[in-house]
Amino acid sequence: MAAEWMEESSRGPHWLGFLADASDLLAGTLDPDMVPAIIAQVVVPRLANWCAVYTSDNNAPPRLVYLWHADEARIDGLREQLTEMDVAAADTRVTSTIHLAEWQVLAVPLMARGRSLGMMCLGRPDRFPDEVIQFADDIGRRAALAMDNARLYAQQAAANRALQRSLLPPNEPEVPGLDYGVIYEPAGEANEVGGDFYDLFKAGDDSWRFAIGDVCGTGPEAAAVTGLARHTLRLLAREGYGVAAVLGRLNQAILEEGERARFLTLLHGDITPVADGGLEVRLVSAGHPEALRLKPSGKVEAVTTPQSLLGVFHEVMFEADTVRLDPGDVLLAVTDGVTERRSGGRLLDDDGGLAKMLAECAGLSARAVAERIRRGAAEFASEPSADDLAIVVLRAR
């Protein structure tokens with residue numbers, strides 16, 4: 001019945017519907033591991049009793065990556081039979097037939113953009129009608145393009161993940177008297193590099209620096225500004241520039257990028273342990289959501305003065321705020337992925353929502369505070385966030 005349906009429907013509109021459905025299925029995934037399974041299950045049993053998908057990389061011999069049979073109980077036996085078939089001898093540029101025990105095998109090349117990706121082998125006990133061969137070729141072309149698109153997407157995603165990792169601290173230092181917690185969650189697609197970043201590093205014998213920023217946009221242009229900001233902060237801090245002077249220099253560096261520049265909000269601070277306990281923090285907020293201090297009593301207050309964001313105005317002077325963190329005090333800094341988390345017409349930080357959330361964190365460790373804020377932002381709205389999120393929590397021991 002399956003063979004009769006294949007031959008009859010190949011001459012009518014049913015085949016066109018099947019071909020359209022197959023195209024939609026193949027175009028609907030960007031997971032390279034899923035494409036071979038979709039290929040096999042598209043053609044079985046409509047075109048053949050079974051399908052084996054082989055892939056090849058860098059001129060290596062074809063490798064069986066997926067096998068499907070209309071009778072699942074026969075898959076293991078078929079796999080053994082396929083070891084006897086010389087797939088490597090098949091011409092990967094043209095469709096050809098191979099005989100294997102009781103099967104006639106149709107080997108369909110998977111070619112995309114002038115490159116061989118492998119082949120799709122279809123098996124049935126009788127000969128393949130010319131119409132079915134034609135349609136198998138058509139499916140093969142669509143399948144190869146879907147496979148190549150998925151591979152390219154996966155390669156780009158891997159490259160961007162590596163780029164994203166390079167824009168985050170290579171390690172997190174031990175700071176005397178400081179307990180800290182950081183969270184970073186990019187919200188873009190796998191092929192996008194997020195614009196949020198944070199850093200924490202040693203700047204001198206007795207001082208450390210931290211930063212949390214948000215570059216406008218995503219992708220390579222945002223990554224370029226993120227990299228410029230992070231490396232400029234580290235270089236100037238280690239040369240002894242104060243936090244206000246660092247932001248002034250960084251502002252000029254961003255503007256000198258010209259049309260490639262992206263504006264940037266940034267909170268940059270210097271951490272110095274105090275002899276009698278606690279920490280002194282000098283910090284500048286350049287267009288960034290205000291930093292909040294939580295006292296052990298549960299009192300929360302803003303501790304930064306709003307100043308100009310970076311990459312917009314040439315003549316900008318920054319001034320640092322000085323904040324004392326006594327043992328048990330917590331300093332919270334976030335990007336607008338937290339403060340502007342939206343639920344309908346409401347933002348998370350409307351009516352001081354972030355401060356109220358932080359007030360409930362008295363007595364928690366820095367990591368627990370960061371996780372509580374992250375969870376609160378996630379639970380504020382039912383839909384996934386469309387913005388990156390970064391959280392830095394500093395707690396004086």
Side-chain angles (χ1 to χ4, degrees), residues 178 180 182 195-200 203 207-216 225 229-230 232-233 236-237 240-255 262-274 278-295 297-326 329-340 347-359 361 366 369 373 390-396:
L178 176 68
Y180 62 88
V182 294
D196 289 14
F197 69 98
Y198 73 89
D199 205 355
L200 180 63
S207 68
W208 289 259
R209 295 288 180 96
F210 76 95
I212 181 170
D214 185 359
V215 178
C216 173
V225 176
R230 181 166 167 268
T232 300
L233 289 173
L236 295 179
Y241 287 87
V243 290
V246 167
L247 264 65
R249 293 293 189 94
L250 177 58
N251 184 58
Q252 289 302 315
I254 294 173
L255 289 169
R262 296 290 187 93
F263 67 78
L264 163 69
T265 73
L266 181 68
L267 181 70
H268 179 43
D270 175 84
I271 307 167
T272 305
V274 179
L279 304 167
E280 183 178 88
V281 182
R282 291 179 297 276
L283 66 167
V284 178
S285 177
H288 201 77
E290 60 188 10
L292 302 176
R293 178 175 60 186
L294 167 67
K295 304 293 288 184
S297 64
K299 179 183 178 182
V300 175
E301 58 184 335
V303 292
T304 50
T305 303
Q307 299 180 60
S308 174
L309 49 71
L310 304 176
V312 178
F313 304 109
H314 283 272
E315 302 299 329
V316 180
M317 296 294 293
F318 295 98
E319 296 184 3
D321 296 302
T322 300
V323 180
R324 173 66 183 256
L325 295 182
D326 294 319
D329 287 356
V330 170
L331 183 72
L332 170 67
V334 302
T335 57
D336 62 12
V338 175
T339 57
E340 296 182 7
L347 300 180
L348 183 147
D349 204 33
D350 286 346
D351 303 320
L354 181 60
K356 294 174 184 176
M357 194 183 300
L358 179 60
C361 297
V369 173
I373 300 302
I391 301 169
V392 173
V393 177
L394 309 178
R395 181 177 182 272

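Along the sequence shown, residues are numbered consecutively beginning with 1. These values consider heavy atoms only, across backbone and side chains, with no hydrogens, waters or symmetry-generated copies.
Side chain of Thr339 to backbone of Asp349: no donor-acceptor contact under 3.5 angstrom is found. Using modelled atom types, no side-chain atom of Arg262 and backbone atom of Gly311 make a donor-acceptor pair closer than 3.5 Å. Between the side chain of Gln252 and the backbone N or O of His314 there is at least one donor-acceptor pair closer than 3.5 Å.
Taking CG of Leu279 as the start and OG of Ser207 as the end, the distance is 12.0 Å to the nearest 0.5 Å. The structure places CH2 of Trp208 at 11.0 Å from OH of Tyr180, a figure rounded to the nearest 0.5 Å. Interatomic distance, NE2 of His288 versus CD of Gln307, reported as 13.5 Å (0.5 Å rounding). Here Leu294 contributes atom CG and Leu332 contributes atom CG; the two are 9.0 Å apart, rounded to the nearest 0.5 Å. To the nearest 0.5 Å, the span separating CD1 on Ile271 from CZ on Arg282 amounts to 10.5 Å. In this structure, Leu250 CG and Thr232 OG1 are separated by 5.5 Å, a value rounded to the nearest 0.5 Å.
Side-chain contact between Leu266 and Leu233 is present, with heavy atoms from C-beta onward closer than 4.5 Å. For the pair His268/Val246, a side-chain contact is recorded, criterion being any heavy-atom separation below 4.5 Å from C-beta on. A heavy-atom distance below 4.5 Å is found between the side chains of Ile373 and Val338. The side-chain heavy atoms of Glu319 and Thr305, taken from C-beta on, include no pair separated by under 4.5 Å.
Minimum interatomic distance between Gly287 and Thr265 (heavy atoms only, all atoms of both residues): O-CG2, 3.2 Å. The minimum heavy-atom distance linking Ala396 with Gly278 is given by the pair CB-CA, 4.3 Å. The two atoms that bring Phe318 and Ser308 nearest to each other are CE2-O, 3.2 Å, heavy atoms only. Closest heavy-atom contact between Leu292 and Ala302: CD2-CA, 3.9 Å. The two atoms that bring Ala390 and Asp196 nearest to each other are N-OD2, 3.8 Å, heavy atoms only. Taking both residues in full, the closest heavy atoms of Val369 and Cys361 are given as CG2-CB, 3.8 Å, listed atom of the first, atom of the second, then distance.
Asp214 and Thr335 are not linked by any side-chain donor-acceptor pair at a separation below 3.5 angstrom, with hydrogens and angles left out of the test.
Looking at Asp199, Leu178, Asp270, Val281 one by one, the single match for side-chain contact (heavy atoms from CB on, under 4.5 Å) with Phe210 turns out to be Val281. Under the side-chain contact (heavy atoms from CB on, under 4.5 Å) rule, Lys295 has a single partner from Val300, Asp326, Val330, which is Asp326.
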From CA spacing to verdict: side chain to side chain contact (heavy atoms under 4.5 Å, CB included), Val243, Leu283: CA-CA 7 Å; Val243 290; Leu283 66 167; 5.8 Å; no

Side chain to side chain contact (heavy atoms under 4.5 Å, CB included) assessment of Leu267 paired with Thr304: CA-CA 9 Å; Leu267 181 70; Thr304 50; 3.9 Å; yes

